[in-house]
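A short worksheet on the structure shown next.
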Amino acid sequence: MDIKIGLDLGSTAIKMVVVEGDQIIGRRVAPTSPGQDALAQKLIDGALAELGRKPAEIRGVASTGYGKKLFTGAGMNIDEISANALGLFRLSGGQARTIINIGGQDLKVLNLSEAGKITDFRMNDKCAAGTGRFFELVARLLDTPLERFGELSRAGAPDLELNNTCVVFAESEIVSLLARGESRETIIRGLHGSVARRVAGMVHHQLPDDGAVYLDGGPANNPGLKAALEDELMVEVKVLAEPQFTVAYGAALALS
Amino acid sequence: MTMTASPNPADSRRSRLLGKVGQKDQSLHQQQIDQLRSRADFTPELDYFLQVMENPWPAAVSERTGRPLAAILCLQAPLELFQAFGWQPFKIYSGSYVTGRLAANDLPAIMCPMLRSALGAMQLQSGFLSSFRAWVLPTTCDWVVKFTEMMKISAGLAIEETSLHRLELPHLKDQDDSRERWLEEIYKLKKFLEKMTGRVLKPGKLREALETYQRAYAVLSRLTELRRQGAVPAVWFTSIANSFFYDTAENWTAAVARALPAFEGRPRPGAGGRVFLAGSPIFFPNFKLLELMEEAGLTVVADDLCSSERLFPGAVNISDHSEFGLLSALAERYHQGCLCPTFADNDRRVNNIINPAKREYFEGVVFQVLKGCHPYDLESFSLAGPLQAEGLKFLRLETDYTAEDSQNLLTRLEAYRHHLEA
Ligand code: SF4
């Protein structure tokens with residue numbers, strides 16, 4: 001069977017999926033760096049080699065994300081909002097009605113119809129508050145790998161409210177919290193809460209009564225953030241396996 | 001022995017900054033002009049508008065028009081009245097993100113980017129204040145109301161009270177006493193202009209002025225009709241509208257009339273992606289949003305921006321040729337016809353968009369908010385619901401004059417283009 005390639009050239013990482021039928025049979029990720037064209041090609045070549053497939057079997061390549069036009073091997077480009085809707089709707093088995101996507105420098109909220117069509121969407125403007133970049137900065141500041149944020153936040157005290165999601169101000173706020181003796185766990189928990197409040201500001205009045213809410217994008221791997229969002233939105237928030245590949249998958253689906 | 005005073009270091013830093021910003025601003029204008037000239041849809045008839053915008057400074061406009069200039073801060077000041085006195089109204093505006101740097105201090109961090117930019121641009125012009133014989137400031141939004149104060153504080157430009165006239169706008173439309181008060185205001189403006197020009201308003205001259213503007217409105221209306229068919233790209237429509245204040249109404253009208261055939265013969269784009277553009281104004285050279293919309297496959301077929309389709313509130317109907325009759329008709333048109341969000345009773349803004357005569361031409365509404373432009377910011381929320389209820393897909397974008405959010409905006413516009421098809 002022919003295969004399709006979906007590439008999501010984001011601001012912090014390039015994600016690639018190999019799709020056969022509508023199944024993801026291979027996936028790869030690399031941090032974004034100069035020379036995205038070659039980098040994306042390397043991801044494809046590596047995945048094909050691992051799968052024992054040949055370039056001639058590729059029926060189409062679609063790219064999405066900020067760098068979508070930088071990959072010269074793509075036969076089609078699609079915006080990441082539409083790709084996100086396509087990918088997650090299919091992966092959720094048609095259940096998703098609201099998608100919260102947290103990307104490297106974006107926050108997006110999408111509403112979908114029963115048929116998976118976008119009925120409304122919102123995206124942050126140029127401020128990086130609450131995005132993947134923001135989490136990276138805090139991880140550096142606390143000298144703690146992002147992968148541990150979920151587990152650590154569970155041990156944090158619940159009542160610390162961080163006021164700033166602005167990358168610049170959050171930095172000084174966190175420094176003064178550390179100086180005050182607040183634990184890393186409590187700060188991380190407070191941080192999740194502040195991001196969740198920002199997301200809720202974009203979601204609230206458009207959260208449908210029925211239908212599931214899904215979280216995707218790289219930071220969706222953080223269970224602490226999922227818990228904070230559930231607390232803030234007062235609904236269950238679902239996260240599928242490998243949530244950072246949803247958009248790349250949607251791009252591949254757009255080829256059919 | 002003679003002593004030469006060494007230059008004050010602050011003064012020399014200031015003049016270096018002015019030089020740097022001036023140069024950057026000039027190249028920004030030139031880049032945008034060159035970009036417009038190199039477009040595939042550029043035709044020689046459009047060059048007039050680019051030439052005019054190449055030199056939009058008051059001294060050049062005064063020379064071009066041969067008329068004394070009156071600065072106006074907003075379109076609420078009836079343009080025909082200046083024309084009747086033989087003066088050229090010159091709207092203060094700027095679309096340059098570079099000049100805003102000169103007005104960074106002593107001002108709120110978040111303010112109207114358009115006026116911040118204008119505050120900077122005026123500092124680049126030596127003798128800027130003396131280019132104008134009068135200033136007319138309609139009390140529309142707060143930024144406009146406070147503008148002359150900001151000029152003094154941030155640019156050191158103090159307008160003499162005697163040459164400044166504040167036109168007090170009643171913010172309610174649908175009340176008889178508001179209309180009466182507005183008419184009184186128009187009479188006060190007339191008196192002010194009589195004092196400043198040393199002339200008495202002649203009804204004949206006013207009628208001629210109204211007729212001149214009727215002709216200007218007629219060519220703009222024809223251009224607007226073509227725009228509804230998708231035949232006038234937004235960058236051209238905006239260039240044409242923006243250049244209005246840089247030449248006489250007569251010359252501008254003739255130039256638009258010359259440009260019309262070029263648009264009439266133009267192939268219409270295919271259906272899909274046709275939108276109404278609402279919100280804060282767009283001024284040259286900041287065509288960022290218009291270009292991104294084009295890149296995303298969206299065609300603007302209508303707008304309600306005070307920088308383009310709302311350039312004129314409509315043609316003034318002349319039935320009573322007395323001074324009172326003419327001034328009343330003028331006042332009525334400017335008050336009732338204006339769709340500015342600074343009015344308190346403003347259902348007409350929604351109705352103007354869902355008006356069946358327009359509604360058939362587009363599928364959605366893109367609403368631009370300039371960060372710091374509070375009237376449109378507020379209104380973006382109150383318009384969204386009623387427009388969505390009409391089946392129009394609504395996209396709110398908040399931006400400023402810088403280019404750094406272009407990618408973010410493009411992503412949203414592309415998704416919106418998809419969304420329109422869904
Ligand atoms: S209405 Fe908006 S764009 Fe116009 S002057 Fe006021 S703040 Fe500026």
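Order of the sequence lines sets the chain letters (A, B, ...), proteins ahead of strands, with each chain counted from 1.
- Here the straight-line distance linking atom CG of A:Asp106 with atom CD of B:Gln407 works out to 9.5 Å at 0.5 Å rounding.
- One finds the CZ atom of B:Arg412 at 10.5 Å from the NZ atom of A:Lys108 (value rounded to the nearest 0.5 Å).
- A pairwise comparison of heavy atoms in B:Ala415 and A:Ser82 identifies CA-OG, 4.0 Å as the closest pair.
- Judged by distance alone, the side chain of B:His419 and the main-chain N or O of A:Ile118 form a donor-acceptor pair under 3.5 Å.
- Around the CD1 atom of B:Ile110, the shell of radius 6.0 Å holds no more than 12 heavy atoms that belong to other residues, nucleotides or ligands.
- Note: A:Met123 CE to B:Leu397 CG = 10.0 Å, rounded to the nearest 0.5 Å.
- In terms of the ring-ring contact (aromatic ring centres under 6.0 Å, His included) criterion, residue partners of B:Phe283 (sequence neighbours excluded) are, by chain and number, B:Tyr93.
- Within a 6.0 Å radius of NZ in B:Lys20, no more than 12 heavy atoms belonging to other residues, nucleotides or ligands are found.
- Side-chain contact between A:Asn77 and B:Glu414: absent, with no pair of heavy atoms (C-beta onward) separated by less than 4.5 Å.
- At least one donor-acceptor pair under 3.5 Å links the side chain of B:Asn408 to the backbone N or O of A:Asn124.
- Scanning residues 385-395 of chain B against chain A with a 4.5 Å heavy-atom cutoff picks out B:Gln388, B:Leu395, ordered by number.
- For B:Arg101, the CZ atom is loosely surrounded, since the number of other residues' heavy atoms within 6.0 Å does not exceed 12.
- No more than 12 heavy atoms of other residues, nucleotides or ligands sit less than 6.0 Å from atom CD of B:Gln23.
- Environment of NZ in A:Lys117: sparse, with no more than 12 heavy atoms of neighbouring residues, nucleotides or ligands closer than 6.0 Å.
- Counting non-hydrogen atoms of neighbouring residues, nucleotides and ligands closer than 6.0 angstrom, the CG atom of B:Asp347 reaches no more than 12 such neighbours.
- Between B:Tyr416 and A:Phe121 the shortest heavy-atom distance is N-CZ, 3.8 Å.
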